[in-house]
Amino acid sequence: MALAPGSVDSAKTRESSREFIAETYDARGEIHDTMHATDLKPGVLGVFRIAGVGLGFNAPAWIAATTIPLLYAVSGAATPLTILIAFLFPMFVLCLCFVALVRRYPSAGGVFTFAEQVLHPRVGSVVGWVYAVACLMVVPLTSVVASQYLQYLIPALRHVPQPLIAAIIVLIYLAITLRGVELTAATGLFLLTIESIVVLGTGLLGIIMPRDHVSLAQMYNPTASPQPWVGVFSGVLLGIFLLANFDSAINMIEEAKTPVRTVQRALVLVIFGELVLYSVAAIGWARAVPPAVLAHLPASYQGTAMTYVTNLYVHGPLRYIPAIVVITSAVANLQMAMNAGARETYRMAKQGKLPHVFAWVHSRYKTPWATALTIAVLSWIMLAALGNSESLYINSVTILWSAVYISSVLAFIVLVVRRTGKWWLTIVPWAAIGMMLYAGATAGTPALIFGGAWIAGGVLLMIYNELRGKHGKVDAVPEWTLENTRGVGE
């Protein structure tokens, strides 16, 4: 028997409805609805397109080219071991938590919805804000990276200020974002395919035709690190940055075919894809060039190990391929960050956590144009104010994502204990939280202060929402009752 919206008066009945849905929602992958009514374009994205969004947001070519050398500096030849540890604790554990949470709370709000539904609505406001800010900061960061490599490839652009080139790149991808999710996903998947081939190809070159004979066993031995175990674990924060963003697939759930099943499969596909890509690259590059060399590259290589390795095996115009794919990788990351942030903010506005203007959707293309435009404008302001401060962007984004990920694992822990009463089932998730806290502490004081300032902004947003609510300015949000599932509870 379905319940009509608003007919559930008692808190006990509402909780009963929620528990029923948590047990049965999409048990056989047959439900085509999500947790909330949506103004977006449902049923247009399959597993591979959504996986492309998640992996595209990760930006394999740019992340591998710039982050793996930093890992070599910290973990040395044991970099592949650091990547494996970061994958197991916390990222794969986090992925499994997302798989469980998205089945019970399928919403484009993602981490915001998980925190709101399981922890507390106020916590949800803070988490949603932090995630949106992290997505926002990725946009100027990646546009700056793309502009740097454009200037490297096209000398005539070296006299143009980088922030100006970056602002034009943001404008171009804002136009693509506003045109619709199908064009966005298709563009991102095309760029992702090119960069993945290059990252895997350069890694395989080193594995098949090694120039530095570092054994595979040595790469997975902590003693190969400059400081055994200390160097390995000190690199976990970079490992988290390397493997992050796969969860952006959740933000596309309201536009997915068979939403829950599609997004669950995409999450697992993306996290394993990241492990394979970066492990092959880290192993192959270390067998081509000593890690100590890759950790301190000459300025002429733009700080990318991929360019250095490519030049050992490929000559002529083909040597510019790494720089080209770093550009495509950065702009794909920009595009997916803009989309994920826009949908997170759209859902928060629909839930009354932000002004209703952020819930405006284009009547034809069904895209959250108001939030996408806001992200672009704020990115232009940050480019004007901060310029090309890459380290500031990277450190801040990593801290913010660590905080968001911790909230999602906590939501999973609360859900498990509430449903089973068996606290010992949460030992592994708690270990993942411990690893993320340790990794966050290694970021340094400036990053912690900057990240803390953004989190404090989320707390102020929560207080603002409380005050709006007391004055009756927040629209009532209907409970997620059986009626919202359109037939599941009949």
Side-chain angles (χ1 to χ4, degrees), residues 51 54-95 98 134 137-138 141-142 145 192 195-196 198-200 202-203 219-220 225 231-249 267 269-286 291 294-295 297 303-306 309 322 325-326 329-330 332-333 336-337 390-391 393-402 404-405 432 435-436 438-440 442-443 447:
L55 195 52
F57 195 174
N58 180 259
W62 167 55
I63 291 294
T66 57
T67 306
I68 290 180
L70 297 177
L71 275 169
Y72 285 139
V74 176
S75 302
T79 288
L81 175 61
T82 298
I83 293 173
L84 180 62
I85 290 174
F87 170 79
L88 295 173
F89 290 101
M91 302 311 284
F92 185 60
V93 175
L94 180 63
C95 178
F98 281 136
M137 296 196 72
V138 168
L141 166 62
T142 49
V145 171
L192 174 66
E195 62 180 297
S196 298
V198 175
V199 173
L200 282 173
T202 54
M219 293 181 185
Y220 287 92
S225 172
V232 171
F233 284 108
S234 295
V236 169
L237 180 65
L238 288 169
I240 291 174
F241 183 73
L242 194 71
L243 300 168
N245 306 334
F246 69 94
D247 56 293
S248 60
L267 286 168
L269 187 61
V270 172
I271 194 68
F272 274 98
E274 291 175 347
L275 176 65
V276 171
L277 274 172
Y278 299 134
S279 295
V280 169
I283 292 169
W285 296 353
L294 293 175
L297 292 172
T304 68
M306 189 162 57
V309 172
V325 297
V326 167
S329 179
N333 192 352
M336 301 313 172
E390 285 186 58
S391 60
Y393 293 131
I394 290 174
N395 289 336
S396 302
V397 166
T398 306
I399 291 295
L400 294 176
W401 265 319
S402 294
V404 167
Y405 289 159
M435 181 63 77
M436 284 188 281
Y438 171 80
T442 65

How many angstroms lie between atom [atom1] of [X] and atom [atom2] of [Y], to the nearest 0.5 angstrom?
X      : Y      : atom1 : atom2 : answer
Asn333 : Ser248 : CG    : OG    : 9.0 Å
Leu400 : Tyr405 : CG    : OH    : 11.5 Å
Ser225 : Leu81  : OG    : CG    : 9.0 Å
Leu294 : Leu70  : CG    : CG    : 11.5 Å
Ile63  : Leu238 : CD1   : CG    : 10.0 Å
Phe98  : Asp247 : CZ    : CG    : 4.5 Å

The criterion is side-chain contact (heavy atoms from CB on, under 4.5 Å); which residues satisfy it with Val325, sequence neighbours excluded? Ala61, Ile194, Glu195, Val198, Met306, Ile321, Thr328

Return the set of residues passing side-chain contact (heavy atoms from CB on, under 4.5 Å) with Ala282 (not counting sequence neighbours), or none when no residue passes. Ile68, Tyr72, Thr79, Pro80, Ile83

Short side-chain to backbone donor-acceptor contact, [X] and [Y], under 3.5 Å:
X      : Y      : result
Ser402 : Met436 : no
Ser75  : Gly231 : yes
Asn58  : Leu242 : yes
Thr202 : Val199 : yes

Where is the tightest heavy-atom contact between [X] and [Y], given as atom of each residue plus distance?
X      : Y      : result
Leu267 : Ala249 : CD2-CB, 4.2 Å
Leu243 : Ala86  : CD1-C, 3.9 Å
Ala51  : Leu269 : CB-CD2, 3.7 Å
Pro90  : Met435 : CD-CG, 4.1 Å
Ala78  : Val232 : CB-CG2, 4.1 Å

I'd like to check [X] versus [Y] (side-chain heavy atoms, cut-off strictly below 4.5 Å). Are they in contact?
X      : Y      : result
Val138 : Phe57  : yes
Ile240 : Trp401 : no
Phe246 : Leu94  : yes
Tyr278 : Pro60  : yes

Phe272 ring center near Phe87 ring center (under 6.0 Å): yes

Do the rings of Trp62 and Phe241 sit parallel, tilted or perpendicular, given the 30° and 60° boundaries? perpendicular

